[in-house]
2 protein chains.
Amino acid sequence: MKKVTIKDIALKAGVSIGTVDRVIHNRGKVNKNVSKRVTDIMNELGYRKNILASTLAFNKKRTIATILPDPKIDPYWGQPDLGINQGQDAVRDFGIQIKKYWFNLFDVETFIDTYKKAIDEKPDAILLAPIFAKESKNLLKIAKQKKIPIILINTHLEDDYPLSYIGQDSYQSGYLGGRLIRFGLKKKAQVMILNLGERSKNAKHLLRKEQGFKDFFIKNAPKIEVFTANFFDFDNPKKLNSFLEQKLQEYPNLAGIYITTSRAYKVIDAFPKHSKKIKIVGFDLLEQNVDYLVQNKISFLINQHPVEQGYKGIMGLFKHLVMKEPIEKTQYLPLDIVVIENYKFYLENKQPVEMIR
Amino acid sequence: MKKVTIKDIALKAGVSIGTVDRVIHNRGKVNKNVSKRVTDIMNELGYRKNILASTLAFNKKRTIATILPDPKIDPYWGQPDLGINQGQDAVRDFGIQIKKYWFNLFDVETFIDTYKKAIDEKPDAILLAPIFAKESKNLLKIAKQKKIPIILINTHLEDDYPLSYIGQDSYQSGYLGGRLIRFGLKKKAQVMILNLGERSKNAKHLLRKEQGFKDFFIKNAPKIEVFTANFFDFDNPKKLNSFLEQKLQEYPNLAGIYITTSRAYKVIDAFPKHSKKIKIVGFDLLEQNVDYLVQNKISFLINQHPVEQGYKGIMGLFKHLVMKEPIEKTQYLPLDIVVIENYKFYLENKQPVEMIR
DNA sequence: ATTTATGGTGTGTGCGTACACATTTTTTAA
DNA sequence: TTAAAAAATGTGTACGCACACACCATAAAT
């Protein structure tokens, strides 16, 4: 049970530790027979390199660039950032630094500028939220060519290159949304899918959410009428209010709204006062959302673990860079159903600092 | 931004690294002035010891003893064990070994024997599931006296000594259970709390669950009649069946059963065939429970993150032993509401291997 | 003058990395 | 055929950073 070191291997194989080292890293310059002998002995003795000693000796810094929307513009993105900071703490001693690059969620140009800047500084790895599909594809192409590993969070992008996608299963989260909004609905109710702030065309994950949501009703409650609406100018309460007014008139049996982004609270802020009670299901534990949940104005929130997305993204790249371990291509995070009784437990993101083997 | 080492400190303070080391570990034998000067310089330069080098140099093994119910007797306990294994992987290179001690969940004597055995081997820390309240208190006393740090999982025990409790908030999980079982209930329904397999007297967490559950109805639906039942011999389907028959007769409006342990599936296995549909809310994603969830025979499961309890328990002790960081006294894990649409995401416990800073 | 604190230095150790260097084998050229 | 050059193997060891113990100084106490 004693730990096996390269010294042990070298001794048993009758070579020097330098040779063992070259076998391990196939730095070449080793006779095939010797190489085989060493490998066999390693297997036999169950050698596992000591990651501490390894990292200590390696003695090089590496940089991970994070390319994400600016939290100052959309508060949601403060949460992945929190996870990134936790990750940073966790990997600091392993010689990994994180360099953050922000772009404006609502402005493609800033995205392009930002990723160019990031690439220029030759990071060893990239953590990316590929909000803009087309432009992100470009970035992937560049990264592939420069051999910079990438992990994606938040938005799934069909592409072979990235090491991993970490985030939610959009379709399934739509489907779940359907289930949640349906509780206690009358047979003939109408339900609105509201894309608030992002148009679904360049955002495939919103499309998939929609699809999942609709499919739930098709399969489970076909009599309920589901329709989609888009509204971009969410920061203008007046306009949002009149938009809602209009929808209420248009759909007199409207009984539920499923808001596909994290901005459910905006809807409630702007909701016509006179209106009857309408069930709201939204995403993410933003402060304002939670307030409304507690006030019973939001029925359910679906939590997509934004903090964890950041954390796991960093840890995944770390695993790749330092441990050289393979990473799962797709890491779906749980879709937490959040109600008054359990929101607190999701809020405190004191996810204990953890570690790799 | 360059990392600061003790060498830098020593240089700047005009002393040797040995002296700096003695200041850090207050091993004594350092002049007060020197000590102050060194400390000041450390703060000024922002010294943080490199945990890799530190651990590597420390070069001692430590043992964590886990004292938990045998998974062969109750499958639930396989899940914390899984998390413990993950934790073991994560801390191996830090010189921490885990030694597992099992006891029989249904036999106090085995618990006493087991913990005595564990103590005899002088572990450096203990992870404990204090199923038996009184006897666990004894163990805590011994541990305190021998200065062995302890973390508790699964069952909260009022006591100052343990470093931390990691698990669910029982009261709140009862309250949530109330909320879940109430969806779609008729005004005058009857609801049963069923303690299946454990009597609630020596198990305070079950009592708290009950209380939370009852309180939910008192506050939100006082007309619904809630009553408690205990049944111990759950592995005898016949007896369980007749027990259920009897309850169904006794409570003709019985519309929901809240099973406080992880054995909801046993109830369904033994449920009278002829009976009308009754809503079931249970705990934990055991295979059989999930099967029934998918078949729509269980309405909701509450997941209490058993895998994570094991994992975090180990990581907490690691943090204490190696990082010497303080740990939160109470770490409540989320109460996940599990339905067909999201169970999969909780199932795969490929929680990525993670790391400490 | 000798013991005993007290303050402080020097260095081997843990384990893997990576480079400089030494040795052997193979290839090339005369 | 032989010397020289090049390639292939292999060895030795100085790192990285913190730890901890052996060992000097010096001053104070006996």
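All values below come from the heavy atoms of this structure, side chains included, with hydrogens, waters and symmetry mates left out. Residue numbering restarts at 1 for every chain, and letters A, B, ... go by the order of the sequence lines.
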Starting from the C-alpha separation in whole Å, work towards a yes-or-no answer on side chain to side chain contact (heavy atoms under 4.5 Å, CB included) for A/Lys312 and A/His305.
CA-CA 10 Å; A/Lys312 291 198 170 175; A/His305 292 253; over 6 Å; no
Tell me: CG of B/Asn50 to C1' of D/dC17, nearest whole Å?
6 Å
May I have the distance from A/Arg92 (atom CZ) to D/dC17 (atom C1'), rounded to whole angstrom?
17 Å
CG of B/Leu56 versus P of C/dT17: gap in Å, rounded?
12 Å
Lys/Arg N to Asp/Glu carboxylate O, A/Lys36 vs A/Asp40, below 4.0 Å
yes
ring-ring contact (aromatic ring centres under 6.0 Å, His included) contacts touching residues 138-160 of chain B (sequence neighbours left out)
B/His156-B/Tyr165
Checking contacts here: which listed nucleotide (C/dT9, C/dC15, C/dG7) is nearest the side-chain heavy atoms of B/Asn31?
C/dG7
B/Lys36 NZ to C/dG7 C1': how many Å, rounded?
19 Å
Heavy-atom nearest nucleotide on DNA chain C taken for B/Val34 and for B/Leu52; more 5' hit belongs to B/Val34
Is it the case that more than 12 heavy atoms not belonging to B/Asp120 sit under 6.0 Å from its CG atom?
yes
Rounded to whole Å, the NZ-C1' distance (B/Lys7 to C/dT11) equals 13 Å
Show the distances under 3.5 angstrom between N or O atoms of the protein and N or O atoms of nucleotides 19-23 of chain D.
{"unit_1": "D/dC19", "atom_1": "OP1", "unit_2": "B/His25", "atom_2": "NE2", "d": "3.3"}
{"unit_1": "D/dC19", "atom_1": "OP1", "unit_2": "B/Lys49", "atom_2": "NZ", "d": "3.4"}
{"unit_1": "D/dC19", "atom_1": "OP1", "unit_2": "B/Ser54", "atom_2": "OG", "d": "2.9"}
{"unit_1": "D/dC19", "atom_1": "OP2", "unit_2": "B/Asp21", "atom_2": "OD1", "d": "3.3"}
{"unit_1": "D/dC19", "atom_1": "OP2", "unit_2": "B/His25", "atom_2": "NE2", "d": "3.4"}
{"unit_1": "D/dA20", "atom_1": "OP2", "unit_2": "B/Arg27", "atom_2": "NH1", "d": "3.1"}
{"unit_1": "D/dA20", "atom_1": "OP2", "unit_2": "B/Arg27", "atom_2": "NH2", "d": "3.2"}
{"unit_1": "D/dA20", "atom_1": "N7", "unit_2": "B/Asp21", "atom_2": "OD2", "d": "3.3"}

Once you round it to whole Å, what is the distance between P of C/dC15 and CE of A/Met42?
17 Å
Closest approach of B/Ile153 and B/Pro130, non-hydrogen atoms and distance?
O-CD, 3.4 Å
Report the distance from atom CG of B/Asn26 to atom P of C/dG7, rounded to the nearest whole Å.
14 Å
Spacing of B/Asn59 atom CG relative to C/dT11 atom C1', expressed in whole Å:
16 Å
For B/Phe111, all residues meeting ring pair (Phe, Tyr, Trp, His ring centres under 6.0 Å), sequence neighbours excluded:
B/Phe103, B/Tyr115, B/Phe132
